[in-house]
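Since we're looking at a predicted model, the values are computed, not measured.
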Amino acid sequence: MKEFSFDTIKDFDGHINKSIPSFNILLNLIENISYSFIRDNYNVYDLGCSKGSLLLNLSKGNKTNTNFVGYDISSNLLPKDKNKVYFLNKDITEEDIKFIDPSLVLSIFTLQFIDYNKRQPLLNKIYKSLNKGGAFIVAEKVFVKDSYIQDIFTFALYDYKRNNFTPSEILSKQKDLRKIMFPLKEKENIKLFKKAGFKKIEPFFQSLNFKAWLCIK
């Protein structure tokens, strides 16, 4: 069986929908919340944008002078630029990456794939770049503090995935993800957000171990 890699997934959006319970609901919530922060003459960034579906949806019918910019490290996922929607194949942890006049920054299951020591500098940069009243919407897989509940959630997720993948595929992917994905506990993520400068932090979604927060500068 081939080793799991984001560089080889053909139907990425479909794969994620089959892997994360209620993922479509999460995306709808993110879109609805995002509209409150898309402002004229400011920009929107999606860090780890994959196929760019979220940015493309947000840009539809948008009449403000807003640029939508997506970054992803996997070149095979990125679509072509489309009318004020720009996609860049770059590592967002590089020092020369700049976020220019953002009113909204999105990070949907991206931080967990970044080296822990590089997360705080990235979050600091996001906070510093955001205009006052701007938002950082972030979703992450988290560990819960109770090991018994963690076990329950883990096997509930396996049961969900069995509707779409074989047991061997689930086990193989889990083994491969251990090399590249490093989730934190919820309070550890919030500690990073607060250290960056965010004081308004509110959770708005949870499905098993998958959680999302709205952070406002």
Practice prompt. For residues D101 and N41, determine if any side-chain heavy atom of one lies less than 4.5 Å from a side-chain heavy atom of the other.
Written response: no

Worksheet item: Between Q206 and L208, is there a donor-acceptor pair closer than 3.5 Å when you use the side chain of the first and the backbone of the second?
Response: yes

Worksheet item: Quick one: does F210's side chain get under 4.5 Å of F109's, heavy atoms only?
Response: yes

Practice prompt. Applying side-chain contact (heavy atoms from CB on, under 4.5 Å), run through F87 and D72 and close with a yes or a no.
Written response: CA-CA 8 Å; F87 297 103; D72 204 281; over 6 Å; no

Worksheet item: So with a 6.0 Å cut-off around CZ of F155, is the heavy-atom count from everything else above 12?
Response: no

Discussion item. Looking only at the side chains, is there a donor atom on one of N65 and K84 sitting less than 3.5 Å from an acceptor on the other?
Written reply: yes

Worksheet item: Hey, what do you get for CG (N62) to NZ (K60), rounding to the nearest 0.5 Å?
Response: 13.0 Å

Item to complete: Check the pair F204, I137 against side-chain contact (heavy atoms from CB on, under 4.5 Å), reporting the backbone distance first and the verdict last.
Response: CA-CA 10 Å; F204 65 88; I137 297 177; 3.8 Å; yes

Worksheet item: With a 4.5 Å limit on heavy-atom distance, are the side chains of N124 and K128 in contact?
Response: no

Worksheet item: So do the side chains of P21 and L157 get within less than 4.5 Å of each other, counting heavy atoms only?
Response: yes

Response to the item:
NZ of K118 to CG of D91, rounded to nearest 0.5 Å, is 6.0 Å

Worksheet item: Can you hop from Y71 to V85 via hydrophobic side chains spaced under 4.5 Å?
Response: no

Item to complete: Determine, stepwise, if the pair S36 / L104 fulfils side-chain contact (heavy atoms from CB on, under 4.5 Å).
Response: CA-CA 9 Å; S36 295; L104 173 64; over 6 Å; no

Discussion item. With heavy-atom distances below 4.5 Å as the criterion, would you say the side chains of I100 and Y45 are in contact?
Written reply: yes

Practice prompt. Compare every heavy atom of K141 with every heavy atom of P183, then report the nearest pair and how far apart it is.
Written response: CB-O, 3.2 Å

Item to complete: Determine yes or no for a side-chain-to-main-chain donor-acceptor pair under 3.5 angstrom, with N163 supplying the side chain and Y160 the backbone.
Response: yes

Worksheet item: What distance separates S207 OG from I25 CD1, expressed to the nearest 0.5 Å?
Response: 8.0 Å

Response to the item:
Tightest non-hydrogen contact, residues K161 and S19, listed as CE-O, 3.5 Å

Worksheet item: Where do F205 and I30 land on the side-chain contact (heavy atoms from CB on, under 4.5 Å) test, with the steps shown first?
Response: CA-CA 9 Å; F205 172 89; I30 292 172; over 6 Å; no

Item to complete: Establish, for the pair K217 and F136, whether the NZ or CZ atom is under 6.0 angstrom from the six-membered ring centre and no further than 45 degrees off its axis.
Response: no

Item to complete: State, with a plain yes or no, whether a side-chain heavy atom of R119 is found less than 4.5 Å away from one of L184.
Response: yes

Worksheet entry | Minimum heavy-atom distance T66-Y42, with the two atoms named | CG2-O, 3.2 Å

Item to complete: Check whether any side-chain heavy atom of V44 sits under 4.5 Å from a side-chain heavy atom of S34, and report yes or no.
Response: no

Worksheet item: Are L29 and I38 connected in the hydrophobic side-chain network, where two residues link if heavy atoms are under 4.5 Å apart?
Response: yes

Worksheet, complete the sentence: Note: Q150 and F143 closest approach over all heavy atoms is OE1-CA, 3.4 Å

Discussion item. Count I, L, V, M, F, W, Y as connected when their side-chain heavy atoms are under 4.5 Å apart, and connections chain through other members. Are L106 and I92 then in the same cluster?
Written reply: no

Item to complete: Taking N89 for its side chain and I73 for its backbone only, find out whether a donor-acceptor pair lies under 3.5 Å.
Response: yes

Worksheet item: Does Y127 belong to the same Ile/Leu/Val/Met/Phe/Trp/Tyr cluster as V69, with side-chain heavy atoms less than 4.5 Å apart forming each link?
Response: yes

Worksheet item: Between K132 and R39, which heavy-atom pair has the shortest distance, and what is it?
Response: O-NH1, 4.1 Å

Discussion item. Tell me whether E94 at atom CD has more than 12 heavy atoms from other residues, nucleotides or ligands lying less than 6.0 Å away.
Written reply: yes

Worksheet, complete the sentence: The residue among K211, K191, K145 that forms salt bridge (Lys or Arg N to Asp or Glu O under 4.0 Å) with E186 is K211

Discussion item. Once rounded to the nearest 0.5 Å, what's the spacing between atom CZ of F193 and atom CH2 of W213?
Written reply: 5.0 Å

Item to complete: Apply the side chain to side chain contact (heavy atoms under 4.5 Å, CB included) test between L122 and each candidate in I114, L192, D115, T110; give the one that qualifies.
Response: I114

Worksheet, complete the sentence: Taken to the nearest 0.5 Å, the spacing of Y86 OH from S59 OG works out to 11.0 Å

Item to complete: Say whether V142 and M181 are linked into one hydrophobic cluster, either directly or through other cluster members, by side-chain heavy-atom distances under 4.5 angstrom.
Response: no

Item to complete: Compare every heavy atom of V138 with every heavy atom of L111, then report the nearest pair and how far apart it is.
Response: CD1-CG2, 4.0 Å

Discussion item. For the CG atom of N57 and the CG atom of N28, what is their distance to the nearest 0.5 Å?
Written reply: 9.0 Å

Worksheet entry | Any N209 side-chain heavy atom under 4.5 Å of V144 side chain | yes

